[in-house]
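Numbers restart at 1 for each chain; the letters A, B, ... are given by sequence-line order, proteins then strands. Only heavy atoms go into these numbers, but all of them, side chains included; no hydrogens, no water, no symmetry mates.
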Number of protein chains: 2
Amino acid sequence: MQMRKSNKRALFFEETLKLIYEKGFKATTIRDIADRLNFKEANVYNYVDSKQALLEGYIFDIQNEFHTAMNHIIDSTYLPNEKLRLVISSYIQITSKRPYEQALFMNDWRNLKEPRLQEFINSRKAYEEKLKTIIEAGVSQGQFRVLNLTLTTQTIMAALRWLYILYIGQKTNLNPIEVEKQLTDFIFTGIHNE
Amino acid sequence: MQMRKSNKRALFFEETLKLIYEKGFKATTIRDIADRLNFKEANVYNYVDSKQALLEGYIFDIQNEFHTAMNHIIDSTYLPNEKLRLVISSYIQITSKRPYEQALFMNDWRNLKEPRLQEFINSRKAYEEKLKTIIEAGVSQGQFRVLNLTLTTQTIMAALRWLYILYIGQKTNLNPIEVEKQLTDFIFTGIHNE
DNA sequence: GTCTATAATTCGATAGAC
DNA sequence: GTCTATCGAATTATAGAC
């Protein structure tokens, strides 16, 4: 979506993204966006067809990025424990690069409308299922402890999904590599066999 | 807030809570609420002064419950590792009893308005700080591994905050006690010393 | 407690000139 | 691309009768 064809266009999507993050999608009006960019309401429609299309662009863009990374990992010949490490790594990398999109992904997906809402939910579910499959394989091969699969999968997802906060407003001195180390430590020593 | 003075009043707050959960607070209109209860818009104001007061009631009610439980734990003479177990336990108990309030707590707190919004943020921060203090004490006493304190605290909070999903629409066969066992296992084997 | 009616405002989106 | 002007719809909330 946010193809940087021109500086002005890029600026529009960057500032709008931050604004929607700050106020929430529903609470952000077209006038708010125009004010932020120092022009009038009508000009917003030079960049986007509708308010709804704006939200869809941000959310599906980053969702696709997560899926692409996950698919590469799934299709590799790494063992399940190594695949889990890579999932954590890729999630943190994408989040640290695009914390505001990730925030929208978490905070405002409910404001999508059908049929895009269902598309989002299905896609998110597919991602979770892929992670679950990795964990299941790791259990089968004795690398991971036997725990409830759904609970474990969702707990790991939950441990990853809040991380955007670290990268909005410099709230941490932890760089992505160190976050990856710490979080992997936390998750693995909690999940591996013995 | 939701004191069950009468069946009708209780029904109003229960159905409204579920409706707001389903649609999101901003997207739920006064008319939606009236429709759900089979009466007209104006009647909503028989139960509540404003739409905003409705949101505040639900959110601060459950937030207070979390704080009360946390304070009892903090004030006890249990050791830090036992205190952490009790925090997890109390969080799951409250969540399982009131999953829809917890969902609002997570999904719609951004729709609070000042000064209540800041009050919410401060209160949430205070809860996190109390948990952090418990973990810090556990590290000092050698019960927990040395990890980044903020990251660990937030990861544990994240692991607890999604659990309401399990109790909405019977999406699991795990009862709260088993969830507590599984999640405590996951968190502890990831955090304790050796 | 329930209704009808309506005030007062806000919002997304479009038309058309420059 | 930017502006003025405006439409039409939706929304919160209140007034007042039954």
Self-check item: Touch class at under 4.0 angstrom, heavy-atom based, for Tyr45(B) against every strand present
Solution: base
Practice problem: Determine the contact category for Phe12(A): base if any of its heavy atoms lies under 4.0 Å from a base atom, sugar-phosphate if only primed atoms, P, OP1 or OP2 are that close, otherwise nothing. | Solution: nothing
Self-check item: Ile156(B) and Ile135(B), any side-chain heavy atoms less than 4.5 Å apart
Solution: yes
Practice problem: Using distance alone, with no hydrogens and no angle criterion, decide if Asn71(A) and Thr68(A) have a side-chain donor and acceptor under 3.5 Å apart. | Solution: no
Nearest-Å distance, [atom1] ([X]) to [atom2] ([N])?
X	N	atom1	atom2	result
Asp32(B)	dT12(D)	CG	C1'	13 Å
Lys26(A)	dA10(D)	NZ	P	12 Å
Ile30(A)	dT10(C)	CD1	C1'	13 Å
Tyr47(B)	dG1(C)	OH	C1'	7 Å
Arg9(A)	dG1(D)	CZ	P	8 Å
Asp35(A)	dC3(D)	CG	P	11 Å
Asn43(B)	dA15(D)	CG	P	16 Å
Glu41(A)	dA15(C)	CD	P	16 Å

Practice problem: From the options Gln102(A), Gln93(A), Arg98(A), select the one residue that forms a side chain to side chain donor-acceptor pair (under 3.5 Å) with Glu65(A). | Solution: Arg98(A)
Quiz prompt | Among dG1(D), dT11(D), dC3(D), the one nearest Thr29(B) by side-chain distance | solution = dT11(D)
Quiz item: Taking the side chain of Asn46(B) as its heavy atoms from C-beta onward, which of dG1(C), dT4(D), dT4(C) lies nearest to it?
Solution: dG1(C)
Quiz item: Is any side-chain N or O of Lys8(A) closer than 4.0 Å to OP1 or OP2 of dT2(D)?
Solution: yes
Self-check item: Distance below 4.0 Å between Lys40(A) side-chain N/O and dT2(D) OP1 or OP2
Solution: no
Quiz item: Any ion pair linking Glu178(B) and Lys181(B) (charged N to carboxylate O, less than 4.0 Å)?
Solution: no
Self-check item: cation_pi(Lys97(B), Tyr167(B)) dist<6.0 Å, angle<=45
Solution: no
